[in-house]
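Data first, discussion second: the structure below is written as structure tokens.
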Protein chains: 2
Amino acid sequence: MDSIHDDTCPRFEDTLELVGRRWTGSVLQAAGRGARRFGEYRAMIDGISDRLLSQRLKELEAAGLIERTVIPSTPVQIRYQLAPDGRALVDALVPLAQWSMRRSST
Amino acid sequence: MDSIHDDTCPRFEDTLELVGRRWTGSVLQAAGRGARRFGEYRAMIDGISDRLLSQRLKELEAAGLIERTVIPSTPVQIRYQLAPDGRALVDALVPLAQWSMRRSST
DNA sequence: CTGAATCCAATAGGATACTG
DNA sequence: CAGTATCCTATTGGATTCAG
């Protein structure tokens, strides 16, 4: 498949619905920009609540796009970083981000 | 901007939420594959209801991504086709579709 | 053929307060 | 610091029926 014009891929809709959830794009952006800890995401994403940030991170983790690591320090640190698939997704979103940017600049 | 890692673009979230609505990806796919009339979209998108197809087409039209044309024949024909921005969006979605495809094939 | 209208159930998201 | 719990409202989507 070299375009979305080819036969319908049901997973495509799933993907769109995943990244289309509120804040998900911002969370992925933050992850791509180097966010690691919960508080860093919160600081980088203006307006998001703890509840939804937690939920989005869990969803992305469940989808295998973000890896959650517990670092046994005192106090314990939790790190969220892009998994390889997540990195690929972030890359695949670039043209869409560019398209959005082009639209908003007119 | 050459990646989604650059400064946050609020429109990016809007774009994601637009295309993330159920069936929207399929409607865009159908449009890209040549669907023109209402019934053609319905036939190409398995499971969609008249109500939601109508709603999605309206949303895409309101966003300037699809153009609705009334052809004065008997009976009247309605044509929905990709606007230039819609075509660009469909193109921008290709990497995402490829990413979805890659995931589903493993 | 191309929708619009209505009704209903499920889900999503916001606000707030609380915890180990 | 990194979440969870609760409550409440708004939005979404599905099913069905009706209409120009």
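Throughout, protein chains are lettered first and strands after them, A, B, ... in sequence-line order, and every chain is numbered starting at 1.
Nearest to the side-chain atoms of B/Leu52 among the listed nucleotides C/dG13, D/dG14, C/dT2 stands D/dG14. Closest to the A/Arg37 side chain, of the nucleotides D/dG3, C/dC1, D/dC1, is D/dC1. The listed nucleotides are D/dT16, D/dA2, C/dT2; the one nearest the side chain of B/Arg51 is D/dT16.
Contacts of A/Arg22 classified as side chain to side chain donor-acceptor pair (under 3.5 Å), with partners at least two apart in sequence or in another chain: none.
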Grab the N/O contacts between the protein and nucleotides 9-12 of chain C below 3.5 Å, and write none if there aren't any.
residue	atom	partner	partner atom	Å
C/dA12	OP1	A/Arg21	NH2	3.2

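Checked options A/Leu52, A/Ile78, A/Ile66; the residue passing with A/Leu57 is A/Ile66 (criterion: side-chain contact (heavy atoms from CB on, under 4.5 Å)).
Residues B/Trp99 and B/Arg102 form a side-chain contact, since some pair of their non-hydrogen atoms from C-beta on lies under 4.5 Å apart.
For B/Trp23, a side-chain nitrogen or oxygen approaches OP1 or OP2 of D/dG14 to under 4.0 Å. Residue A/Lys58 places at least one side-chain N or O under 4.0 Å from the OP1 or OP2 atom of D/dT4.
Straight-line distance from the CD1 atom of A/Ile48 to the P atom of C/dT16: 17 Å, rounded to whole Å. If you take CG of B/Asp50 and P of D/dA19, they are 16 Å apart, rounded to a whole angstrom. Protein atom CZ of B/Phe38 is 14 Å distant from nucleotide atom C1' of D/dA19, rounded to whole Å. With rounding to whole Å, B/Tyr41 atom OH is found 11 Å from C/dG3 atom P. Look at CG on B/Asp46: it is 13 Å from P on D/dG14, rounded to the nearest Å. Taking atom CD on B/Glu17 and atom C1' on D/dT12, their separation rounds to 13 Å, with Å as the unit. Between A/Ile45 atom CD1 and C/dG13 atom P the separation is 14 Å, expressed in whole Å. For the pair B/Arg42 CZ and C/dA4 P, the interatomic distance rounds to 13 Å; values are reported in whole Å.
A salt bridge is defined here as a Lys NZ or Arg NE, NH1 or NH2 lying under 4.0 Å from an Asp or Glu carboxylate O, and B/Arg56 with B/Glu59 meets this definition.
Of all heavy-atom pairs between A/Ala35 and A/Glu40, the closest is C-OE1, 3.7 Å.
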Next on the checklist: I'd like to know whether A/Gln98 forms a side-chain contact (heavy atoms from CB on, under 4.5 Å) with A/Val94, so could you lay out the CA-CA distance, the side-chain angles of the two residues, the decisive distance to 0.1 Å, and finally the verdict.
Outcome noted: CA-CA 6 Å; A/Gln98 291 175 328; A/Val94 170; 3.9 Å; yes
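From B/Leu28, atom CG reaches atom CZ of B/Arg87 across 10.0 Å, with rounding to the nearest 0.5 Å.
Across all strands shown, B/Ser54 has heavy atoms under 4.0 Å from sugar-phosphate atoms exclusively, and none from any base. A/Tyr80 comes within 4.0 angstrom of the backbone, heavy atoms only, and of no base.
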